[in-house]
Amino acid sequence: GAGVSQSPSNKVTEKGKDVELRCDPISGHTALYWYRQSLGQGLEFLIYFQGNSAPDKSGLPSDRFSAERTGGSVSTLTIQRTQQEDSAVYLCASIPTSGEVPEQYFGPGTRLTVT
Amino acid sequence: DQQVKQNSPSLSVQEGRISILNCDYTNSMFDYFLWYKKYPAEGPTFLISISSIKDKNEDGRFTVFLNKSAKHLSLHIVPSQPGDSAVYFCAARGYGQNFVFGPGTRLSVLP
């Protein structure tokens, strides 16, 4: 079956512009996560959606970052007024409802470059 | 405040030998630990996990050991193969389904 998909795969934008990154999780997965990985760094948690519950936004680095998840499926991460330090790979992951092991299924990521 | 640490940024091992990747954590409330493997330009893929109530889990060439008193876990790969060359991330599940990832260890298996 289809895995987690993300678009675009690469995005180059000018400083100050807004960008939208999209994540299509695996169908039926109720939990969805956004992470970012800066060059040479580990995965930094950004935001987590679980079903219809209020999202955990504790990892968002500033109020320029926001995310939504429509209909419990597709999610969009929006970065307003991008800065050069926003350059990173943005990864989305989902987890199925059932299953003992909390294994995350990751998408291929969106590489964002802010010039 | 790094709750999950992987103190070796890189590791080189000869093909056929054992690879040992280490991970230390500080939060005793973590209840599940997972290892992911990441190739360049791809997302991480799940490798193996262990519950905090166990001390060992084995899956083929991969074994994860957990020492709760030392807050330490390790991933053993035996025998190592060139295709195992990748970045390995240790992750821990905390309160409310939050996951904390370590910075990763780049493993190179030399033929």
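We name chains A, B, ... by the order of the sequence lines, and we start the count at 1 in each one. Heavy atoms only: backbone and side chains are in, while hydrogens, waters and symmetry mates are out.
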Considering only heavy atoms and a distance below 4.5 Å, find which of B:Ala91, B:Ser51, B:Gly102, B:Pro44 pairs most often with chain A.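 If we count pairs closer than 4.5 Å to chain A, B:Pro44 comes out on top.
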Is there a side-chain contact between B:Ser74 and B:Leu21 in this structure, where contact means two heavy atoms from C-beta onward sitting under 4.5 Å apart?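 No, every pair of side-chain atoms sits at 4.5 Å or beyond.
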pair B:Tyr25-B:Val100: side-chain heavy atoms closer than 4.5 Å: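 Not touching, per the 4.5 Å side-chain cut-off.
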In terms of heavy-atom contacts, does CZ of B:Arg61 have more than 12 from other residues, nucleotides or ligands at under 6.0 Å?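 Yes.
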With a 6.0 Å cut-off (strictly less than), is the heavy-atom count around CZ of B:Arg17, excluding the residue itself, greater than 12?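 No.
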In terms of heavy-atom proximity below 4.5 Å to chain A, should B:Tyr36 be classed as side chain, backbone, both, or neither?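 For B:Tyr36, the side chain is the part near chain A, not the backbone.
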Need one label for B:Ala41: side chain, backbone, both or neither, based on atoms under 4.5 Å from any heavy atom in chain A.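 Only the backbone of B:Ala41 comes within 4.5 Å of chain A.
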Given heavy-atom pairs under 4.5 angstrom as the criterion, report whether the side chain, backbone, both or neither of [X] touches chain B.
X: A:Gln104; answer: both
X: A:Leu43; answer: both
X: A:Gln6; answer: neither
X: A:Tyr105; answer: neither

Looking only at non-hydrogen atoms, find the nearest pair between B:Val109 and B:Ser85 and report the distance.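 Here B:Val109 and B:Ser85 meet closest at N-OG, 2.9 Å.
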Is the ring pair A:Phe106/A:Tyr35 parallel, tilted or perpendicular, if the boundaries are 30 and 60 degrees?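 Judged by the thresholds at 30° and 60°, the geometry between A:Phe106 and A:Tyr35 is tilted.
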